[in-house]
Amino acid sequence: ISLGDVSAFLDSQCRPVITMNACRLKKMLAREITGIDPQRVQRADISAPIIVEVDRVTGCPVVVLDGNHRLVKAVTMGVDITFRVLYSDEYDMLFGA
């Protein structure tokens with residue numbers, strides 16, 4: 001499965017784009033962001049929404065599936081970030097977990 005497939009799934013579910021303060025979102029994540037390349041952060045286009053896996057039961061963000069560098073850039077700039085939600089049960093369905 002590709003990120004394009006995930007985006008198509010989110011489109012089919014009419015999943016909206018949400019805006020939130022990037023620092024707040026990063027603090028809410030259950031898993032820490034690691035392995036960040038500073039050059040990729042610098043080049044990241046924060047206008048494109050990231051994809052965040054959210055636990056459907058708790059409503060808590062778990063991990064950034066796509067857009068870690070964009071989130072880190074938005075955090076360092078102190079701005080909002082846009083994102084779309086993929087629920088954990090949908091992740092399991094799509095990726096066969």
Side-chain angles (χ1 to χ4, degrees):
I1 189 161
S2 69
L3 288 173
D5 296 329
V6 174
S7 290
F9 174 80
L10 294 175
D11 290 343
S12 75
Q13 300 300 304
C14 300
R15 204 60 51 84
V17 174
I18 301 166
T19 302
M20 178 183 281
N21 177 272
C23 292
R24 181 171 174 231
L25 176 60
K26 185 175 180 283
K27 288 178 185 175
M28 293 172 69
L29 293 172
R31 296 187 201 156
E32 191 169 324
I33 298 172
T34 60
I36 295 298
D37 176 0
Q39 291 178 342
R40 285 187 65 191
V41 170
Q42 192 174 45
R43 292 190 312 263
D45 176 8
I46 62 171
S47 68
I50 65 175
I51 299 174
V52 178
E53 180 185 347
V54 172
D55 184 290
R56 190 184 294 273
V57 175
T58 65
C60 294
V62 178
V63 66
V64 174
L65 297 177
D66 177 51
N68 283 306
H69 292 89
R70 285 175 273 164
L71 178 56
V72 170
K73 183 174 185 174
V75 167
T76 60
M77 294 173 64
V79 298
D80 290 347
I81 190 79
T82 57
F83 65 96
R84 296 176 81 189
V85 170
L86 178 70
Y87 291 103
S88 296
D89 60 317
E90 296 169 333
Y91 176 92
D92 293 345
M93 177 195 67
L94 291 171
F95 290 93

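Along the sequence shown, residues are numbered consecutively beginning with 1. Computed from a predicted structure; not experimentally measured.
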S.K.: Work out which heavy atom in L86 is nearest to a heavy atom in R15; give both atom names and the distance.
M.R.: CA-NH1, 4.2 Å
S.K.: When clusters are formed by joining ILVMFWY residues with side-chain heavy atoms under 4.5 Å apart, either directly or through shared neighbours, do V52 and F9 land in the same one?
M.R.: no
S.K.: Kindly state each residue pair satisfying salt bridge (Lys or Arg N to Asp or Glu O under 4.0 Å) with at least one member in residues 72-84, sequence neighbours excluded.
M.R.: D11-R84
S.K.: Among all residues two or more places apart in sequence or in another chain, which pass the side chain to side chain donor-acceptor pair (under 3.5 Å) test with N68?
M.R.: none
S.K.: I'd like to check the side chain to side chain contact (heavy atoms under 4.5 Å, CB included) partners of S7; sequence neighbours left out, ordered by chain and number.
M.R.: I51
S.K.: Of the non-hydrogen atoms in T82 and A48, which two are nearest, and what is the gap between them?
M.R.: OG1-C, 4.1 Å
S.K.: Which pairs would a plain distance check flag for residues 17-34, meaning a side-chain donor or acceptor within less than 3.5 Å of a matching protein atom at least two apart in sequence or in another chain?
M.R.:
| from | atom 1 | to | atom 2 | distance (Å) |
| --- | --- | --- | --- | --- |
| N21 | OD1 | C23 | N | 2.9 |
| N21 | OD1 | R24 | N | 3.0 |

S.K.: Not counting sequence neighbours, list each pair that qualifies as a side-chain hydrogen bond (donor to acceptor under 3.5 Å, both in side chains) and has a residue in residues 46-61.
M.R.: D45-S47, E53-S88, D55-T58, R56-D89, R56-E90
S.K.: Under 4.5 Å between side-chain heavy atoms, counting indirect links through other Ile/Leu/Val/Met/Phe/Trp/Tyr residues: same cluster for V54 and F95 or not?
M.R.: no
S.K.: Please say yes or no: joined through hydrophobic side-chain contacts below 4.5 Å, possibly via intermediate residues, are V41 and F83 part of one cluster?
M.R.: yes
S.K.: Does Q13 form a side-chain contact (heavy atoms from CB on, under 4.5 Å) with Y87? I'd like the steps, not just the answer.
M.R.: CA-CA 11 Å; Q13 300 300 304; Y87 291 103; over 6 Å; no
S.K.: Going by the rule side chain to side chain contact (heavy atoms under 4.5 Å, CB included), which residues pair with Q39 if we only count those two or more places apart in sequence or in a different chain?
M.R.: D37, R43
S.K.: Quick one: salt bridge (Lys or Arg N to Asp or Glu O under 4.0 Å) pairs with a partner in residues 59-68, sequence neighbours left out?
M.R.: D66-R70
S.K.: Report whether I46 and I36 are members of the same hydrophobic cluster (ILVMFWY, side-chain heavy atoms less than 4.5 Å apart, transitive linking).
M.R.: yes
